[in-house]
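The structure under discussion appears below in the form of structure tokens.
Scope of the values below: all heavy atoms of this structure, side chains included, with no hydrogens, waters or symmetry mates. Residue numbers begin at 1 in each chain, while the letters A, B, ... track the order of the sequences.
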Number of protein chains: 2
Amino acid sequence: MKIGILAAKTGFSIQTIRFYERKSLLAAPERTASNYRSYSEDALKQLLFIKQCRALDMTIEEIKLVLETRANPENSCENVNTTIDKHVDDIEHRIAELKLLQETLISIRSTCDHDKKVKECGVLHQLDSIAEACSSNTDNESQLIC
Amino acid sequence: MKIGILAAKTGFSIQTIRFYERKSLLAAPERTASNYRSYSEDALKQLLFIKQCRALDMTIEEIKLVLETRANPENSCENVNTTIDKHVDDIEHRIAELKLLQETLISIRSTCDHDKKVKECGVLHQLDSIAEACSSNTDNESQLIC
DNA sequence: GCTTGACTCTATACCAAGTATAGAGTTTAC
DNA sequence: GTAAACTCTATACTTGGTATAGAGTCAAGC
Ligand SMILES: [Zn+2]
Ligand SMILES: [Zn+2]
Ligand SMILES: [Zn+2]
Ligand SMILES: [Zn+2]
């Protein structure tokens, strides 16, 4: 199977498939006499597996770990579970962060209605004054929104 | 004020401040006779404003838009509001995505307990079979988890 | 046999939002 | 006068790809 077919079957772009090869996520395939990549059915299956993992927002390193473990059917799947657990944690963490941001943003946004001038804009005043308050805290290097 | 002081006062690294200058987020400051950057109080205030925006996860382009509007006190703040609204939307969108992923992940994770072999691992089977089911859908190029 | 179009190859540069060097010059303290 | 601390520019690296350029290959039609 040439790379274009594989791309069509997986939905990855040709460049992405070559990129995964460079990143050692996909083994370098056989080559034809004219140096074209020639893929097996296994490569297709592996790419679909990778696609599924990417759809779950796993990083390439996370996927690599899982693939390494998966390679031998006799391995313990402990590493897989650990990776997934950590990833669930990653996402939970990010959701919590974003929710906090969202609250702050909406609260700031509520201080301005419509078509005011910059000097009267509540949003801009908020952004300024939070920053100022934080800076006078002398406890800088913190993340602000203090 | 030299760049090191500004970095200490804002919590940005020196490289980040120079990076913002390259990105036109911060105007190029005066230089001393020995070519050192020399910053005004205004630059400090602007950087704190930027820090606040970054803490809200706004992109550099979003911040640039806001700064441009903010530059003239007589401008209408409409653009600011539009930018914030769009950004609130950005975050809402991302939260929704992550929540969905989280559900799927937890459901997949629940199919394996502890220390099984790879060939019996529910998690790996799930990842495989979802991919397979999707691939036989011939409706590829979709995001899987179908 | 030859051209045209579709395909593939490598290498390189680009995106966000920084971080991390190297190698040179400058200022400050003792 | 020397050493430490600071700053300068330029360049490379990160993640997960995307987008070229320029060259080679393959199949179809005439
Ligand atoms: Zn993760
Ligand atoms: Zn406003
Ligand atoms: Zn945004
Ligand atoms: Zn398992």
With sequence neighbours left out, write down each residue that passes side chain to side chain donor-acceptor pair (under 3.5 Å) with [X], or none if nothing qualifies.
| X | value |
| --- | --- |
| Arg31(A) | Asn35(A) |
| Ser40(B) | none |
| Asn79(B) | none |

**Report entry** Salt bridge flag under 4.0 Å for residues Lys117(B) and Glu120(B)
**Finding:**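 Between Glu120(B) and Lys117(B) there is no salt bridge, as every charged N stays at least 4.0 Å from the carboxylate O atoms.
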
Provide, to the nearest angstrom, the distance between the [atom1] atom belonging to [X] and the [atom2] atom belonging to [N].
| X | N | atom1 | atom2 | answer |
| --- | --- | --- | --- | --- |
| Ile63(A) | dT15(D) | CD1 | P | 13 Å |
| Leu26(A) | dG16(D) | CG | P | 16 Å |
| Glu61(A) | dG17(D) | CD | P | 13 Å |
| Tyr39(B) | dT7(D) | OH | P | 10 Å |
| Ile60(A) | dG16(D) | CD1 | C1' | 6 Å |
| Leu25(A) | dG16(D) | CG | P | 10 Å |

Query raised in the report: Between the main-chain N or O of Thr69(B) and the side-chain N or O of Asn75(B), is there a donor-acceptor pair closer than 3.5 Å?
Result: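 Answer holds: yes.
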
Query raised in the report: Considering only heavy atoms from C-beta outward, does the side chain of Glu62(A) approach that of Asp90(A) to under 4.5 Å?
Result: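 A side-chain contact exists here, since the closest heavy-atom pair is under 4.5 Å.
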
Query raised in the report: Where each residue is assigned the nucleotide of DNA chain C containing its nearest heavy atom, which of Lys2(B) and Gln15(B) is assigned the position nearer the 5′ end?
Result: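 Closest to the 5' end, via its nearest nucleotide, is Gln15(B).
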
Query raised in the report: Where do Leu98(A) and Ile91(B) come nearest, in terms of heavy atoms and distance?
Result: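 Smallest interatomic distance, heavy atoms only, reads O-CG2, 3.8 Å.
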
Query - Shortest non-hydrogen contact between Leu25(A) and Ile60(A), atoms and distance - result: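 Minimum heavy-atom contact is CD1-O, 3.7 Å.
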
Query raised in the report: Distance only, no hydrogens: is a donor on one side chain within 3.5 Å (strictly under) of an acceptor on the other, for Thr16(A) and Ser13(A)?
Result: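 Present: a donor and an acceptor within the cut-off.
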
Query raised in the report: Between the two end axes of the helix from dG1(C)-dC30(D) to dC30(C)-dG1(D), each built from 5 base pairs, what angle do you get to the nearest 10°?
Result: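 About 30°, once rounded to a multiple of 10°.
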
Query - Thr59(A) vs dT15(D): side-chain N/O to OP1/OP2 distance below 4.0 Å - result: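 Answer is no, no contact under 4.0 Å.
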
Query raised in the report: Under 4.0 angstrom, heavy atoms only, what part of the nucleic acid is Arg22(B) near: base, sugar-phosphate, or nothing?
Result: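 If one applies the 4.0 Å heavy-atom cut-off, Arg22(B) turns out to touch nothing in the nucleic acid.
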
Report task. Give Arg18(A) one of three labels, base, sugar-phosphate or nothing, depending on what nucleic acid heavy atoms sit under 4.0 Å from its own. Result ->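 Here Arg18(A) touches the bases of the nucleic acid.
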
Query - Cation-aromatic face contact Lys2(A)/Tyr39(A), 6.0 Å, 45 degrees - result: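 No, cation not above the ring by the 6.0 Å, 45° rule.
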
Query raised in the report: Pick one: which of Val123(A), Leu127(A), Asp128(A) meets side chain to side chain contact (heavy atoms under 4.5 Å, CB included) with Arg70(B)?
Result: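 Of Val123(A), Leu127(A), Asp128(A), side chain to side chain contact (heavy atoms under 4.5 Å, CB included) with Arg70(B) is met by Asp128(A) alone.
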
Every protein N/O lying under 3.5 Å from an N/O of nucleotides 23-25 of chain D:
from, atom 1, to, atom 2, distance (Å)
dG24(D), N2, Tyr36(A), OH, 2.8
dT25(D), O4', Tyr36(A), OH, 3.2
dT25(D), O3', Ser34(A), OG, 3.4

Requested in this report: Using the heavy-atom set of chain A and a strict 4.0 Å cut-off, write down the first and last nucleotide of DNA chain C that makes it in, 5' to 3'.
Outcome: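 Going 5' to 3' along DNA chain C, contacts run dC7(C) to dT10(C).
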
Requested in this report: Nearest-nucleotide wise, let me know which of Thr32(A) and Lys23(A) is further upstream toward the 5' end of DNA chain D.
Outcome: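 By nearest-heavy-atom nucleotide position, the 5'-most residue is Lys23(A).
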
